[in-house]
There are 2 protein chains.
Amino acid sequence: MKTFHEYKNPSLAVDLVVFGYHNNTLSVLLLNRKEEPFKDCWTLPGGFLQMEETFLGTCSRILQTKLGMDEVFLEQLYSFDAPDRDPRGRVIAVGYYALINPAKFQVVGGSMANDVQWFNVRKMPVLGFDHKQIFRQAHERLKSKILYYPVGFELLDDLFTLTELHELYECILQTTIDRRNFRRKILDAEYVINTGMKREGLKNRHPELYKFNKQLKKNNFQINVPTVS
Amino acid sequence: MKTFHEYKNPSLAVDLVVFGYHNNTLSVLLLNRKEEPFKDCWTLPGGFLQMEETFLGTCSRILQTKLGMDEVFLEQLYSFDAPDRDPRGRVIAVGYYALINPAKFQVVGGSMANDVQWFNVRKMPVLGFDHKQIFRQAHERLKSKILYYPVGFELLDDLFTLTELHELYECILQTTIDRRNFRRKILDAEYVINTGMKREGLKNRHPELYKFNKQLKKNNFQINVPTVS
DNA sequence: GTTACTTCACGTTAAATTGACGCAAACAAA
DNA sequence: TTTGTTTGCGTCAATTTAACGTGAAGTAAC
């Protein structure tokens, strides 16, 4: 077999949209760049693909070194190819999004700890590169995916109440969902398992704690939201 | 701004899954390779991304030079990164799938005309590289997308009968769909417009010809198929 | 022409699902 | 005990779905 002739190739970057849910708010982790281009501008955390690395490998490296986290839900989003998306030259970006529970991770990033910050998805600053577009696409993906696939629990503690799950859905979808109908859908789909325990110490009735049903047959439910027209 | 330092980068290829529908059969265009690696093996048509090119640019180039077609429905699928997916070295592949009406195109490809061939999706040969995986993913995408998005007409003539559209759905989804319920769904969603014309020359009652409604508000219908369990 | 046969177009109906609520038990605080 | 709130379970009308019936439109055979 003849050996592979190496032409000049674009660089390949992986950019991450890391979603976290905390205090009834959906947030995204952004990095304040310390170098040109887009110095002092907020951007998605990202990194270049090393020659022997897989995309998930690059994701892990970014999550660990810049954000100090590991073992999170990751899904490939889309690849971005606009020729002028990076002023330094031709760079293709593969977008991934991650879902994490901020309570489980200390956001510290090596030397650039205080340059990493959570931003409410509804109060996003101007982003460098084409990261606004990547963020938007990730946000849309999350909103549509959560309707038919159980990803919500990735953002919550291992044990959660149905009210907490309900609030998460309302927050992500930015709409109101009838509490009782939501409850019926989630329970009928066997999305969750009742642990029998209750969350103590609240002012009012103590709600039951559920955990995610990992044996769930996928695509078993469909949350409906009122169509805005 | 300091200029961009070019590390060694993986090559970037675009691989195409071109679907066509003909004689009640869903097919994919494959190329018989004349060079190593995978010489004499069937593979998806593909090509390397040029330095100034967009993904869609590469797609068009492949479609034109290898297959002699242009202006077709194209959608990005996924990017494939297995380090050993190409024996020549590190090659990242961005998968796209296309939907075409074979009646509209003469499949000829420059010097390699007779090396391009349609294969029934249910009688696929062994494929080189990781193209089986890319094909499978494209096939799954098509099957799920057609349920909630009007892509079927991309595979049909400009004018078609509801029976033809119905057969297309049954063929792609490999299931039976009630003829009368299907008809109602499609008509209620305003997926199609009745042209008033009829298809002549058939043995039995002459069915009405419809065209796709380009003003269709997307995501306006949901075809349900019996869940296999 | 009449009959036979097939497809096409349009209904009907029972079952299932959805959307919009009601209500009482559980809890803390007054 | 009373008050106010949240939680858990239920009801019911409206809508949607799944399954199936029937007659009109067409060709071919007689």
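Lettering of chains follows the sequences in order, A, B, ..., and the numbering in each one begins at 1. Note that these values count all heavy atoms, side chains included, but never hydrogens, waters or copies made by symmetry.
For the salt bridge (Lys or Arg N to Asp or Glu O under 4.0 Å) test, no residue two or more places apart in sequence or in another chain qualifies with B/Lys132.
Distances shown here put a side-chain N or O of A/Arg183 below 4.0 Å from the OP1 or OP2 atom of D/dG8. Here B/Lys185 reaches the OP1 or OP2 of D/dT17: one of its side-chain N or O atoms lies under 4.0 Å away.
For DNA chain D, none of the residues of residues 160-172 of chain B falls under the heavy-atom distance limit of 4.0 Å. For DNA chain C, the neighbouring residues in residues 200-208 of chain B, judged by any heavy atom under 4.0 Å, are B/Asn204, B/Arg205, B/Pro207, B/Glu208.
Of the N and O atoms on the side chains of A/Asn213 and A/Tyr210, not one donor lies less than 3.5 Å from an acceptor on the other residue.
Atom pair A/Ile186:CD1 and D/dG8:P shows a separation of 14 Å (rounding to whole Å applied). B/Arg199 has its CZ atom 16 Å from the P atom of C/dT7, to the nearest Å. Protein atom CD of B/Gln222 is 12 Å distant from nucleotide atom P of C/dT18, rounded to whole Å.
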Protein-nucleotides 12-14 of chain C N/O pairs under 3.5 Å:
none

Would you tabulate the side-chain donor-acceptor contacts of residues 162-171 of chain A under 3.5 Å, counting partners in other chains and residues two or more places apart, or write 'none'?
{"from": "A/Glu164", "atom 1": "OE1", "to": "A/Thr161", "atom 2": "N", "distance (Å)": "3.1"}
{"from": "A/Glu164", "atom 1": "OE1", "to": "A/Arg199", "atom 2": "NH2", "distance (Å)": "3.3"}
{"from": "A/Glu164", "atom 1": "OE2", "to": "A/Arg199", "atom 2": "NE", "distance (Å)": "2.9"}
{"from": "A/Glu164", "atom 1": "OE2", "to": "A/Arg199", "atom 2": "NH2", "distance (Å)": "3.3"}
{"from": "A/His166", "atom 1": "NE2", "to": "A/Glu170", "atom 2": "OE2", "distance (Å)": "3.3"}
{"from": "A/His166", "atom 1": "NE2", "to": "A/Ile177", "atom 2": "O", "distance (Å)": "2.6"}
{"from": "A/Tyr169", "atom 1": "OH", "to": "A/Ile146", "atom 2": "O", "distance (Å)": "3.2"}
{"from": "A/Glu170", "atom 1": "OE2", "to": "A/Ile177", "atom 2": "N", "distance (Å)": "2.8"}

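Within the structure, salt bridge (charged side-chain N to carboxylate O under 4.0 Å, His left out) contacts touching residues 177-195 of chain B (residues at least two apart or in different chains) are B/Asp178-B/Arg180.
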